[in-house]
Amino acid sequence: MSKLILGCGYLGGRVARLWRQAGHEVFVVTRSSDRARVMTAEGYRAIVADVLRPSTLVNLPAADTVLYAIGYDRGYVGITGASMHAVYVDGLRAVFGALPTATGKFIYVSSTGVYAQSHGETVDEDSPCEPTREGGRACLAAEAVLAADRLGERGIVLRMAGLYGPGRIPNSAEVRSGRPLAVPAAGCLNLIHVDDAAAVVLAAAEMACPPRTFLVSDGQPVERREYYKELARLLGVEAPRFISPPAEDPAAARASTDKRVNNARMVAELAVPLKYPTYREGLTAILAAET
(Lines give C-alpha, C1' and ligand atoms only; values in the text may rest on other atoms or scores of the structure.)
Protein backbone atom coordinates (compact mmCIF):
# COMPACT_ATOMS: atom_id res chain seq x y z
CA MET A 1 0.00 0.00 0.00
CA SER A 2 1.18 3.53 -0.72
CA LYS A 3 1.17 6.60 1.49
CA LEU A 4 1.71 10.25 0.59
CA ILE A 5 2.84 12.81 3.16
CA LEU A 6 2.81 16.55 2.63
CA GLY A 7 4.56 18.12 5.58
CA CYS A 8 7.24 15.69 6.72
CA GLY A 9 8.27 17.65 9.80
CA TYR A 10 8.00 17.06 13.54
CA LEU A 11 4.83 14.96 13.29
CA GLY A 12 4.86 13.96 9.63
CA GLY A 13 8.42 12.65 9.84
CA ARG A 14 7.46 10.25 12.61
CA VAL A 15 4.43 9.05 10.69
CA ALA A 16 6.63 8.48 7.63
CA ARG A 17 9.02 6.29 9.61
CA LEU A 18 6.19 4.26 11.12
CA TRP A 19 4.59 3.64 7.75
CA ARG A 20 7.93 2.71 6.17
CA GLN A 21 8.70 0.34 9.04
CA ALA A 22 5.32 -1.29 8.45
CA GLY A 23 6.36 -2.04 4.87
CA HIS A 24 4.38 0.64 3.03
CA GLU A 25 5.66 2.59 0.05
CA VAL A 26 5.92 6.14 1.39
CA PHE A 27 5.97 9.19 -0.86
CA VAL A 28 7.06 12.46 0.77
CA VAL A 29 6.77 15.97 -0.62
CA THR A 30 9.57 18.41 0.17
CA ARG A 31 10.52 21.84 -1.14
CA SER A 32 14.25 21.07 -0.93
CA SER A 33 16.22 19.08 -3.50
CA ASP A 34 18.88 18.38 -0.88
CA ARG A 35 16.24 17.10 1.55
CA ALA A 36 14.78 14.97 -1.24
CA ARG A 37 18.13 13.27 -1.82
CA VAL A 38 18.49 12.51 1.89
CA MET A 39 14.99 11.06 2.12
CA THR A 40 15.48 9.00 -1.02
CA ALA A 41 18.61 7.50 0.55
CA GLU A 42 16.51 6.64 3.62
CA GLY A 43 14.07 4.64 1.52
CA TYR A 44 11.33 7.16 0.76
CA ARG A 45 9.95 8.20 -2.62
CA ALA A 46 10.72 11.90 -2.51
CA ILE A 47 8.91 14.49 -4.61
CA VAL A 48 10.22 18.05 -4.87
CA ALA A 49 7.21 20.38 -4.84
CA ASP A 50 5.74 23.37 -3.02
CA VAL A 51 2.07 23.78 -2.17
CA LEU A 52 2.49 27.54 -2.67
CA ARG A 53 3.53 26.89 -6.28
CA PRO A 54 0.76 24.75 -7.79
CA SER A 55 2.70 24.22 -11.02
CA THR A 56 5.19 22.07 -9.10
CA LEU A 57 2.49 19.69 -7.84
CA VAL A 58 2.78 17.25 -10.72
CA ASN A 59 2.79 13.46 -10.80
CA LEU A 60 1.45 13.02 -7.27
CA PRO A 61 0.69 9.32 -6.72
CA ALA A 62 -2.75 7.82 -6.21
CA ALA A 63 -1.98 6.88 -2.62
CA ASP A 64 -4.42 4.92 -0.48
CA THR A 65 -3.78 7.45 2.32
CA VAL A 66 -2.67 11.08 2.13
CA LEU A 67 -1.47 12.94 5.22
CA TYR A 68 -1.51 16.73 5.04
CA ALA A 69 0.57 17.96 7.98
CA ILE A 70 2.03 21.18 6.62
CA GLY A 71 2.70 23.75 9.31
CA TYR A 72 3.42 27.45 9.10
CA ASP A 73 7.17 27.62 8.51
CA ARG A 74 7.93 31.17 9.62
CA GLY A 75 11.44 31.07 8.21
CA TYR A 76 10.24 30.10 4.75
CA VAL A 77 7.23 32.39 4.88
CA GLY A 78 9.50 35.24 5.88
CA ILE A 79 11.18 34.82 2.50
CA THR A 80 8.05 34.33 0.40
CA GLY A 81 5.78 36.71 2.30
CA ALA A 82 2.93 34.21 2.21
CA SER A 83 0.24 34.48 4.86
CA MET A 84 -0.89 31.71 7.17
CA HIS A 85 -4.15 31.57 5.21
CA ALA A 86 -2.21 31.08 1.98
CA VAL A 87 -0.20 28.19 3.41
CA TYR A 88 -3.08 26.41 5.14
CA VAL A 89 -5.97 27.14 2.79
CA ASP A 90 -4.66 28.02 -0.65
CA GLY A 91 -1.96 25.35 -0.37
CA LEU A 92 -4.52 22.72 0.53
CA ARG A 93 -6.75 23.77 -2.35
CA ALA A 94 -3.80 23.48 -4.73
CA VAL A 95 -3.08 19.96 -3.51
CA PHE A 96 -6.70 18.94 -4.09
CA GLY A 97 -6.38 20.15 -7.67
CA ALA A 98 -3.32 17.97 -8.19
CA LEU A 99 -4.31 14.70 -6.52
CA PRO A 100 -5.52 11.82 -8.71
CA THR A 101 -9.18 10.85 -8.53
CA ALA A 102 -8.16 7.43 -7.19
CA THR A 103 -6.78 8.96 -3.98
CA GLY A 104 -7.98 7.14 -0.86
CA LYS A 105 -8.36 8.60 2.63
CA PHE A 106 -7.24 12.18 3.17
CA ILE A 107 -6.05 13.03 6.70
CA TYR A 108 -5.82 16.72 7.50
CA VAL A 109 -3.90 17.79 10.62
CA SER A 110 -5.83 20.68 12.14
CA SER A 111 -5.65 22.24 15.59
CA THR A 112 -7.69 22.70 18.74
CA GLY A 113 -7.04 26.37 18.05
CA VAL A 114 -10.33 26.29 16.11
CA TYR A 115 -12.00 26.66 19.53
CA ALA A 116 -12.04 29.94 21.40
CA GLN A 117 -13.84 29.00 24.62
CA SER A 118 -12.41 31.06 27.44
CA HIS A 119 -13.97 29.96 30.74
CA GLY A 120 -12.60 26.43 31.14
CA GLU A 121 -15.40 24.81 29.14
CA THR A 122 -15.04 21.22 27.95
CA VAL A 123 -15.02 20.99 24.17
CA ASP A 124 -15.62 18.05 21.87
CA GLU A 125 -15.99 17.60 18.13
CA ASP A 126 -19.48 19.12 18.16
CA SER A 127 -18.63 22.23 20.17
CA PRO A 128 -18.94 25.57 18.37
CA CYS A 129 -15.83 26.77 16.58
CA GLU A 130 -15.39 30.54 16.61
CA PRO A 131 -11.61 31.03 16.51
CA THR A 132 -10.19 34.45 17.28
CA ARG A 133 -6.54 33.80 16.45
CA GLU A 134 -5.11 33.70 12.93
CA GLY A 135 -3.98 30.08 13.16
CA GLY A 136 -7.34 28.82 14.35
CA ARG A 137 -9.18 30.74 11.64
CA ALA A 138 -6.86 29.35 8.95
CA CYS A 139 -7.27 25.77 10.20
CA LEU A 140 -11.05 26.07 10.30
CA ALA A 141 -11.11 27.53 6.79
CA ALA A 142 -8.94 24.64 5.58
CA GLU A 143 -11.34 22.16 7.18
CA ALA A 144 -14.13 23.81 5.18
CA VAL A 145 -12.13 23.46 1.96
CA LEU A 146 -11.74 19.75 2.65
CA ALA A 147 -15.43 19.29 3.40
CA ALA A 148 -16.40 21.00 0.13
CA ASP A 149 -13.94 19.08 -2.05
CA ARG A 150 -14.58 15.80 -3.86
CA LEU A 151 -12.24 14.23 -1.32
CA GLY A 152 -14.37 15.49 1.55
CA GLU A 153 -16.25 12.22 1.82
CA ARG A 154 -12.88 10.53 2.35
CA GLY A 155 -11.62 13.19 4.72
CA ILE A 156 -10.46 12.76 8.31
CA VAL A 157 -9.72 15.85 10.38
CA LEU A 158 -7.40 15.50 13.38
CA ARG A 159 -7.62 18.55 15.62
CA MET A 160 -4.34 18.30 17.48
CA ALA A 161 -3.79 19.60 20.99
CA GLY A 162 -0.39 21.07 21.79
CA LEU A 163 2.36 18.79 20.47
CA TYR A 164 5.36 18.24 22.70
CA GLY A 165 8.18 15.72 22.69
CA PRO A 166 11.95 15.40 22.24
CA GLY A 167 13.41 18.78 21.36
CA ARG A 168 10.09 20.50 21.95
CA ILE A 169 9.38 21.40 25.56
CA PRO A 170 8.19 25.00 25.45
CA ASN A 171 10.06 27.43 27.73
CA SER A 172 12.30 24.72 29.16
CA ALA A 173 15.37 26.96 28.79
CA GLU A 174 13.69 29.71 30.80
CA VAL A 175 12.62 27.28 33.52
CA ARG A 176 16.16 25.86 33.74
CA SER A 177 17.69 29.31 34.04
CA GLY A 178 15.20 30.66 36.54
CA ARG A 179 14.11 33.48 34.25
CA PRO A 180 10.47 34.52 34.73
CA LEU A 181 8.04 33.11 32.21
CA ALA A 182 6.17 35.59 30.04
CA VAL A 183 3.24 33.22 29.67
CA PRO A 184 -0.15 32.93 31.37
CA ALA A 185 -0.09 31.09 34.68
CA ALA A 186 -3.80 30.31 34.68
CA GLY A 187 -5.89 28.41 32.16
CA CYS A 188 -5.56 24.88 30.85
CA LEU A 189 -2.95 23.29 28.64
CA ASN A 190 -4.18 20.47 26.41
CA LEU A 191 -1.32 18.29 25.22
CA ILE A 192 -0.40 15.20 23.24
CA HIS A 193 3.07 13.65 22.99
CA VAL A 194 4.22 13.63 19.37
CA ASP A 195 4.78 9.86 19.39
CA ASP A 196 1.21 9.28 20.56
CA ALA A 197 -0.02 11.76 17.95
CA ALA A 198 1.76 9.77 15.25
CA ALA A 199 0.13 6.58 16.52
CA VAL A 200 -3.26 8.29 16.27
CA VAL A 201 -2.57 9.18 12.62
CA LEU A 202 -1.85 5.53 11.82
CA ALA A 203 -4.96 4.40 13.67
CA ALA A 204 -7.09 6.95 11.83
CA ALA A 205 -5.77 5.68 8.51
CA GLU A 206 -6.69 2.11 9.42
CA MET A 207 -9.84 2.44 11.51
CA ALA A 208 -11.64 5.75 10.99
CA CYS A 209 -14.75 5.83 8.82
CA PRO A 210 -14.69 9.14 6.92
CA PRO A 211 -15.85 11.79 6.89
CA ARG A 212 -14.91 12.11 10.53
CA THR A 213 -13.32 14.61 12.92
CA PHE A 214 -11.31 13.72 16.02
CA LEU A 215 -9.90 15.76 18.87
CA VAL A 216 -6.41 14.42 19.54
CA SER A 217 -5.12 14.94 23.08
CA ASP A 218 -4.12 12.89 26.09
CA GLY A 219 -7.43 13.88 27.69
CA GLN A 220 -5.72 15.25 30.80
CA PRO A 221 -5.89 19.06 30.76
CA VAL A 222 -3.50 20.69 33.21
CA GLU A 223 -3.32 24.23 34.53
CA ARG A 224 -0.34 26.04 33.05
CA ARG A 225 1.04 26.86 36.49
CA GLU A 226 1.00 23.19 37.50
CA TYR A 227 2.60 22.10 34.24
CA TYR A 228 5.56 24.44 34.65
CA LYS A 229 5.84 23.59 38.33
CA GLU A 230 6.20 19.90 37.43
CA LEU A 231 8.70 20.70 34.70
CA ALA A 232 10.79 22.64 37.22
CA ARG A 233 10.63 19.76 39.68
CA LEU A 234 11.86 17.31 37.06
CA LEU A 235 14.65 19.70 36.14
CA GLY A 236 15.62 20.09 39.79
CA VAL A 237 15.11 23.84 39.86
CA GLU A 238 12.80 26.23 41.66
CA ALA A 239 9.24 26.69 40.46
CA PRO A 240 9.09 29.52 37.92
CA ARG A 241 7.77 33.02 38.40
CA PHE A 242 5.31 34.40 35.86
CA ILE A 243 5.06 37.82 34.28
CA SER A 244 2.41 39.11 31.90
CA PRO A 245 3.40 38.67 28.25
CA PRO A 246 3.56 41.79 26.05
CA ALA A 247 0.28 42.55 24.32
CA GLU A 248 1.78 41.78 20.89
CA ASP A 249 3.21 38.43 22.02
CA PRO A 250 1.36 35.30 20.77
CA ALA A 251 1.32 34.11 24.39
CA ALA A 252 -1.01 36.98 25.21
CA ALA A 253 -3.48 35.75 22.61
CA ARG A 254 -3.27 32.25 24.03
CA ALA A 255 -4.16 33.67 27.42
CA SER A 256 -7.56 34.68 26.07
CA THR A 257 -8.64 31.05 25.62
CA ASP A 258 -9.19 28.44 28.30
CA LYS A 259 -10.76 25.11 27.44
CA ARG A 260 -10.63 21.42 28.30
CA VAL A 261 -10.33 19.02 25.37
CA ASN A 262 -12.43 15.86 25.52
CA ASN A 263 -10.75 12.98 23.65
CA ALA A 264 -13.56 10.44 24.19
CA ARG A 265 -14.24 9.92 20.47
CA MET A 266 -10.55 9.28 19.78
CA VAL A 267 -10.38 6.75 22.61
CA ALA A 268 -13.59 4.97 21.64
CA GLU A 269 -13.14 4.79 17.87
CA LEU A 270 -9.37 4.67 17.36
CA ALA A 271 -8.46 2.69 20.47
CA VAL A 272 -4.88 3.95 20.64
CA PRO A 273 -3.10 2.98 23.86
CA LEU A 274 -1.22 6.13 24.76
CA LYS A 275 2.41 5.59 25.61
CA TYR A 276 2.35 8.88 27.55
CA PRO A 277 -1.12 9.15 29.12
CA THR A 278 -0.27 12.44 30.85
CA TYR A 279 2.35 15.15 30.51
CA ARG A 280 4.12 13.77 33.58
CA GLU A 281 5.12 10.52 31.87
CA GLY A 282 5.97 12.42 28.71
CA LEU A 283 8.23 14.97 30.36
CA THR A 284 9.93 12.31 32.48
CA ALA A 285 10.81 10.24 29.42
CA ILE A 286 12.03 13.21 27.40
CA LEU A 287 14.29 14.54 30.13
CA ALA A 288 15.60 11.07 30.99
CA ALA A 289 16.68 10.61 27.37
CA GLU A 290 18.59 13.90 27.49
CA THR A 291 20.85 12.78 30.36
Query raised in the report: Taking atom CG of Leu57 and atom CG of Leu6, what is their separation to the nearest 0.5 Å?
Result: 7.5 Å

Requested in this report: Might you work through the side-chain contact (heavy atoms from CB on, under 4.5 Å) test for Asp126 and Arg265, ending with a clear yes or no?
Outcome: CA-CA 11 Å; Asp126 298 319; Arg265 178 182 293 179; 4.0 Å; yes

**Report entry** Pair Glu134 + Arg137, salt bridge at N-O below 4.0 Å
**Finding:** no

Requested in this report: Following the transitive rule for hydrophobic clusters with a side-chain heavy-atom cut-off under 4.5 Å over Ile, Leu, Val, Met, Phe, Trp and Tyr, establish whether Val87 and Leu99 coincide in one cluster.
Outcome: yes

Query raised in the report: Can the ring centres of Tyr279 and Tyr227 be said to be less than 6.0 Å apart?
Result: yes

Query raised in the report: Does some side-chain heavy atom of Ile47 sit less than 4.5 Å from a side-chain heavy atom of Pro61?
Result: yes

Report task. Mind checking the CZ-CG spacing from Arg168 to Leu11? Nearest 0.5 Å is all I need. Result -> 9.0 Å

Query raised in the report: With a cutoff of under 4.5 Å between side-chain heavy atoms, which Ile, Leu, Val, Met, Phe, Trp and Tyr residues group with Val123?
Result: Val114, Tyr115, Leu140, Leu215, Val261

Requested in this report: Please answer: with hydrophobic residues joined when any side-chain heavy atoms are less than 4.5 Å apart, are Val201 and Phe214 in the same cluster?
Outcome: yes

Query - Any Ile169 side-chain heavy atom under 4.5 Å of Leu287 side chain - result: yes

Query raised in the report: More than 12 foreign heavy atoms under 6.0 Å from CD of Glu226: is that the case here?
Result: yes

Report task. Looking only at non-hydrogen atoms, find the nearest pair between Ala36 and Ala46 and report the distance. Result -> O-CB, 3.5 Å

**Report entry** Side chain Asp258, main chain Cys188, donor-acceptor under 3.5 Å
**Finding:** yes

Query - Test item: Leu52 and Asp90 side chains (from C-beta on) under 4.5 Å apart, heavy atoms - result: no

Report task. Say whether Val222 and Val175 are linked into one hydrophobic cluster, either directly or through other cluster members, by side-chain heavy-atom distances under 4.5 angstrom. Result -> yes

Query raised in the report: Where do Tyr228 and Val183 land on the side-chain contact (heavy atoms from CB on, under 4.5 Å) test, with the steps shown first?
Result: CA-CA 10 Å; Tyr228 287 112; Val183 300; 4.0 Å; yes

Report task. Indicate yes or no: at least one non-hydrogen side-chain atom of Asp218 is less than 4.5 angstrom from one of Pro277. Result -> no

Query - Expected output: side-chain Lys105 to main-chain Ala205 donor-acceptor under 3.5 Å - result: yes

Query raised in the report: Are any of the side-chain nitrogens in Glu269 or Arg212 under 4.0 Å away from the carboxylate oxygens of its partner?
Result: yes

Requested in this report: Determine the minimum heavy-atom distance between Ile243 and Pro180, stating which atoms define it.
Outcome: CG2-CB, 4.0 Å

Query raised in the report: When hydrophobic residues are tied together by side-chain contacts of less than 4.5 Å, even through go-betweens, does Val38 share a cluster with Val28?
Result: no

Report task. Give the C-alpha distance, both sets of side-chain angles, the deciding distance and a yes or no for side-chain contact (heavy atoms from CB on, under 4.5 Å) between Val29 and Ile70. Result -> CA-CA 10 Å; Val29 173; Ile70 290 179; over 6 Å; no

Query raised in the report: Between Arg159 and Glu143, is there a side-chain N and carboxylate O pair less than 4.0 Å apart?
Result: yes

**Report entry** Donor-acceptor contact present, side-chain Asn263 to main-chain Ser217, <3.5 Å
**Finding:** yes

Query raised in the report: For Met160 and Ala197, which heavy atoms make the closest approach, and how far apart are they?
Result: SD-CB, 3.9 Å

Report task. List the atom of Arg241, the atom of Gly178, and the distance in Å for their closest heavy-atom pair. Result -> NH2-O, 4.1 Å

**Report entry** Flag side-chain contact, heavy atom, 4.5 Å: Val109 against Leu67
**Finding:** yes

Query - Distance, nearest 0.5 Å, that separates OH of Tyr276 from CG of Leu283 - result: 11.0 Å

Query raised in the report: Is the closest side-chain donor-acceptor distance between Glu281 and Thr278 under 3.5 Å?
Result: yes

**Report entry** Sub-4.5 Å side-chain heavy-atom contact between Arg31 and Thr56
**Finding:** no

Requested in this report: Say whether Thr65 and Lys3, considering side chains only, have a donor N or O and an acceptor N or O under 3.5 Å apart.
Outcome: yes

Requested in this report: Report the distance from atom CH2 of Trp19 to atom OG of Ser2, rounding to the nearest 0.5 Å.
Outcome: 10.0 Å

Report task. Is it possible for you to say whether Val15 and Val51 belong to one hydrophobic cluster, with membership spreading through side-chain heavy-atom contacts below 4.5 Å? Result -> no

Report task. For residues Ile5 and Tyr44, determine if any side-chain heavy atom of one lies less than 4.5 Å from a side-chain heavy atom of the other. Result -> no

Query raised in the report: Do any N or O atoms from the side chain of Arg176 and from the backbone of Leu235 form a donor-acceptor pair under 3.5 angstrom?
Result: no

Query - Heavy atoms of other groups near Arg179 CZ, more than 12 under 6.0 Å - result: yes

Query raised in the report: Where the side chain of Asp195 meets the backbone of Gly165, is there a donor-acceptor pair that is under 3.5 Å apart?
Result: no

Query raised in the report: Mind checking whether Leu92 and Phe106 have side chains closer than 4.5 Å, heavy atoms only?
Result: yes

Report summary line: What one should report as the nearest heavy-atom pair of Thr213 and Glu125 is O-CG, 3.3 Å

Report task. Return yes if some donor-acceptor pair links the side-chain N/O of Arg260 with the main-chain N/O of Glu121 below 3.5 Å, else return no. Result -> no

Query raised in the report: Which pair of heavy atoms, one from Ala239 and one from Lys229, lies closest together, and at what distance?
Result: CB-CG, 4.4 Å

Report task. Enter the distance from Leu234:CG to Ile286:CD1 here, rounded to the nearest 0.5 Å. Result -> 10.0 Å

Query - Geometric cation-pi criterion, Arg14 with Tyr10: 6.0 Å, 45° - result: yes

Query raised in the report: What distance separates Met39 CE from Asp34 CG, expressed to the nearest 0.5 Å?
Result: 13.5 Å

